[in-house]
Amino acid sequence: MCSILGYKRGSIKDEDVQKGFEKSKYRGPDATRVMDFNEYRLMFHRLSIMGLDENGMQPFTDGDMALVCNGEIYDFRPLKEELINKGYTFKSGSDCEILIPMFKEYGTRMFEMINGEYAMILYDGHELLAARDPIGIRPLFYGYLRDGSIIFSSIALSLVGLVEEIIPFPIGSYYYHGEFHKYIDLCHPDEYVKDDRDTIYHSIHDLLIKGIKRRMDADAPVGFLLSGGLDSSLVSAIGQKCVNHPIKTYAIGMVDDAIDLKYARMVADYIGSEHHEFYMTRDDVVKSLDEVIKMLGTYDITTIRASIGMYLCVKKIHETSDTRVLLTGEISDELFGYKYTDYAPDAKSFEEESVKRIEELYMYDVLRADRAISSNSIEARVPFGDVDFVRYVMSIDPELKMNRYGKGKYLLRKAFEDDHLLPDEILWREKAAFSDAVGHSMVDDLKEYAESLYTDEEYEILRTKYTINPPFTKESLLYREIFEKYYPHQGAMIKDFWMPNKSWEGCDVNDPSARVLKNYGDSGK
């Protein structure tokens with residue numbers, strides 16, 4: 001995990017940009033470098049993950065070209081070998097060092113060849129090029145300076161006060177010659193695969209394992225966030241099979257009613273991991289709220305709720321271990337379905353909802369994972385976001401992905417049934433949302449805290465200040481007020497509140513928690 005920033009000098013004071021860039025120091029606490037290339041400046045905060053020596057420090061340069069990149073290029077080894085065969089030489093073991101040679105060799109076609117999680121800024125000798133990975137797992141924002149030139153930054157907070165409007169960089173896209181170009185679309189396959197069910201199970205199985213193995217390639221210590229739910233349990237169990245020593249797994253829950261801690265412990269005992277448990281209290285939750293919203297850069301309710309537990313867990317990991325990379329279970333829900341997608345009226349609606357969720361992930365789940373983890377100077381890696389895996393799952397007929405089986409995410413569960421990587425109780429366990437699973441009391445405490453801050457009359461008056469995504473509960477008003485303190489007048493950064501599809505029967509609810517759905521059933525018990 002690192003932080004990058006790039007801009008054309010002249011229309012803004014360099015010291016003002018430097019002050020903004022320092023706000024992202026937590027993403028790269030190991031080293032900082034600022035370099036000028038003609039009238040352009042590239043800035044880099046480093047968290048050393050691959051190529052740990054000084055040769056892996058950025059910006060990378062090659063002739064009159066330069067590059068800064070936050071992220072990981074998972075297939076860099078065969079790409080690097082190919083480049084060596086073409087006559088290129090390399091100084092470090094960093095995966096990102098291949099990017100300038102890739103650009104020199106292939107131009108912008110390079111982005112279609114890369115499997116990774118990244119945001120990058122490249123100076124081509126004349127102007128800046130910027131790009132972001134297909135899911136938006138790594139953050140990138142932009143805005144326009146007074147002279148109309150563009151500025152790019154890893155975090156929105158660095159741009160506050162520098163530009164009038166802070167805009168999320170579009171996913172799966174690059175910016176070059178003054179225009180944005182979409183280089184990949186994982187969500188709209190030309191046709192569905194014709195594979196039979198057994199082949200589908202086999203492909204899901206093999207592609208996920210491959211994605212996890214890719215993400216365990218690091219020169220810094222790797223760990224796993226383990227909630228005890230299906231997704232993180234699968235990632236942890238597969239990860240344990242990939243090595244000959246106990247992996248490190250981490251879980252957190254409320255002191256009083258941590259639903260998932262017992263399941264996480266069950267998984268850890270089953271796979272033989274070195275397991276660590278942390279606890280949080282109501283006071284911890286309330287005290288962390290301001291910092292969590294500041295680092296998230298959102299006022300979305302479910303994102304904030306789910307981020308608190310993850311933030312506090314990773315904070316403990318940073319304080320008590322040498323782990324610098326964490327694998328997580330995000331993106332499975334968007335691919336295989338939520339509790340509320342059980343209410344999808346037909347396959348077309350299910351698929352449209354999946355596409356919407358994947359295209360907006362950068363505002364919700366992967367935003368949470370990146371910020372909650374990077375704010376503690378650790379890197380997040382998301383195996384379910386592997387390009388090959390997402391491309392294949394999105395090419396499966398949605399009729400097969402819908403919950404026609406009496407159990408959500410059936411294809412994923414079935415794909416790993418014969419491996420016995422997990423106890424059946426975990427493999428076939430009903431889903432519980434993370435913000436609920438750390439303890440139902442956490443969400444209740446947040447609602448209660450918000451209720452104590454505003455009278456009904458104050459709530460009605462204050463909420464009218466906001467025309468973009470106006471708050472609709474006292475809890476959402478509290479989050480918006482804190483957001484505005486750090487990101488004044490930037491509400492448009494968030495497209496909408498994450499909520500179930502209210503147009504579906506059974507989903508017209510006023511809270512994002514799956515707990516309010518009638519089909520919640522045994523989830524979280």
Side-chain angles (χ1 to χ4, degrees), residues 1-4 24 27-28 44 46-51 58 67-77 79 94-99 102 110-122 130-141 152 154-155 168-174 183-184 186-187 207-208 210-220 222-225 231 235 239 310 314 324-332 334-335 358-375 377-391 393:
M1 196 70 64
C2 302
S3 179
I4 61 176
S24 67
R27 293 184 68 91
F44 185 70
R46 184 186 190 192
L47 178 67
S48 303
I49 301 296
M50 299 293 289
Q58 301 183 35
L67 172 132
V68 287
C69 180
N70 163 218
E72 301 294 336
I73 311 302
Y74 294 118
D75 51 358
F76 83 97
R77 297 186 192 281
L79 291 171
S94 171
D95 53 303
C96 294
E97 193 185 359
I98 71 167
L99 295 173
M102 285 284 290
M110 67 182 281
F111 300 117
E112 301 170 28
M113 305 168 64
I114 293 172
N115 189 330
E117 304 164 1
Y118 61 86
M120 70 174 75
I121 309 168
L122 183 149
R132 193 178 187 189
D133 68 68
I135 301 291
I137 294 171
R138 291 291 179 265
L140 191 62
F141 294 85
F152 304 100
S154 284
I155 68 168
F169 195 97
I171 64 173
S173 300
Y174 67 87
Y183 66 83
I184 194 170
L186 298 176
C187 293
L207 286 170
L208 182 58
K210 189 174 182 180
I212 291 168
K213 286 181 176 178
R214 281 173 172 155
R215 283 154 181 79
M216 292 183 69
D217 184 2
D219 296 329
V222 177
F224 295 75
L225 291 183
D231 309 324
V235 171
M310 183 177 280
V314 180
R324 288 297 172 264
V325 176
L326 284 169
L327 272 67
T328 77
E330 274 75 24
I331 307 183
S332 173
E334 290 76 12
L335 292 169
I358 291 170
E359 290 182 339
E360 296 179 357
L361 263 168
Y362 70 94
M363 291 187 296
Y364 305 120
D365 279 13
V366 296
L367 179 151
R368 174 191 73 205
D370 176 87
R371 308 308 193 279
I373 294 175
S374 70
S375 63
S377 301
I378 296 178
E379 176 172 287
R381 295 187 177 182
V382 190
F384 282 102
D386 187 84
V387 170
D388 294 339
F389 185 79
V390 173
R391 181 182 283 117
V393 175

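In this chain, residues are counted from 1 in sequence order.
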Rounded to the nearest 0.5 Å, what separation is found between the [atom1] atom of [X] and the [atom2] atom of [Y]?
X    : Y    : atom1 : atom2 : value
I331 : D386 : CD1   : CG    : 10.0 Å
M120 : N70  : CE    : CG    : 10.5 Å
I358 : C187 : CD1   : SG    : 4.5 Å
L326 : F224 : CG    : CZ    : 9.0 Å
S48  : R324 : OG    : CZ    : 10.5 Å
D133 : I114 : CG    : CD1   : 10.5 Å

Side chains of [X] and [Y], heavy atoms from C-beta outward: is any pair under 4.5 Å?
X    : Y    : answer
S3   : F44  : no
D217 : E72  : no
S154 : R27  : yes
I171 : S173 : no
T328 : V235 : no
R381 : E117 : yes
L99  : I73  : yes

So which heavy atom on [X] is nearest to which on [Y], and how close?
X    : Y    : result
A130 : F169 : O-CZ, 3.5 Å
A131 : Y174 : CB-CB, 3.8 Å
C69  : C96  : SG-SG, 3.6 Å
A119 : P139 : CB-O, 3.5 Å
G116 : Y118 : C-CD2, 3.8 Å
P134 : V387 : CG-CG2, 3.9 Å

May I ask you to check if R215 and Y74 form a cation-pi contact, with NZ or CZ under 6.0 angstrom from the six-membered ring centre and within 45° of the axis? yes

Just to verify, which of L208, V393, N115 counts as forming a side chain to side chain contact (heavy atoms under 4.5 Å, CB included) with D388? N115

Between L186 and I135, does a side chain to side chain contact (heavy atoms under 4.5 Å, CB included) hold up when you go through it step by step? CA-CA 9 Å; L186 298 176; I135 301 291; 4.1 Å; yes

Counting distance only, does the side-chain N/O of R132 pair as donor-acceptor with the main-chain N or O of R138 below 3.5 Å?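 Confirmed, R132 side chain pairs with R138 backbone.
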
With distance as the sole test, does E379 use its side chain to make a donor-acceptor pair with the main-chain N or O of S374 at under 3.5 Å?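 Judged by distance alone, no pair lies under 3.5 Å.
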
Does the side chain to side chain contact (heavy atoms under 4.5 Å, CB included) test come out yes or no for I184 and E112, once each step is laid out? CA-CA 7 Å; I184 194 170; E112 301 170 28; 5.8 Å; no

Carboxylate-amine/guanidinium proximity below 4.0 Å for R77 and D95: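 No salt bridge links R77 with D95.
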
Are the charged groups of R368 and E330 less than 4.0 angstrom apart, N to O? yes

Can you name the residues that form a side chain to side chain contact (heavy atoms under 4.5 Å, CB included) with S375, not counting sequence neighbours?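 Result, side chain to side chain contact (heavy atoms under 4.5 Å, CB included) vs S375: Y26, M295, Y311.
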
Please test V325 against I378 for side chain to side chain contact (heavy atoms under 4.5 Å, CB included), starting from the C-alpha separation and ending with a verdict. CA-CA 6 Å; V325 176; I378 296 178; 5.6 Å; no

Please list, chain by chain and in numerical order, all residues satisfying ring pair (Phe, Tyr, Trp, His ring centres under 6.0 Å) with F384, sequence neighbours excluded.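 Here the qualifying residues are F389.
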
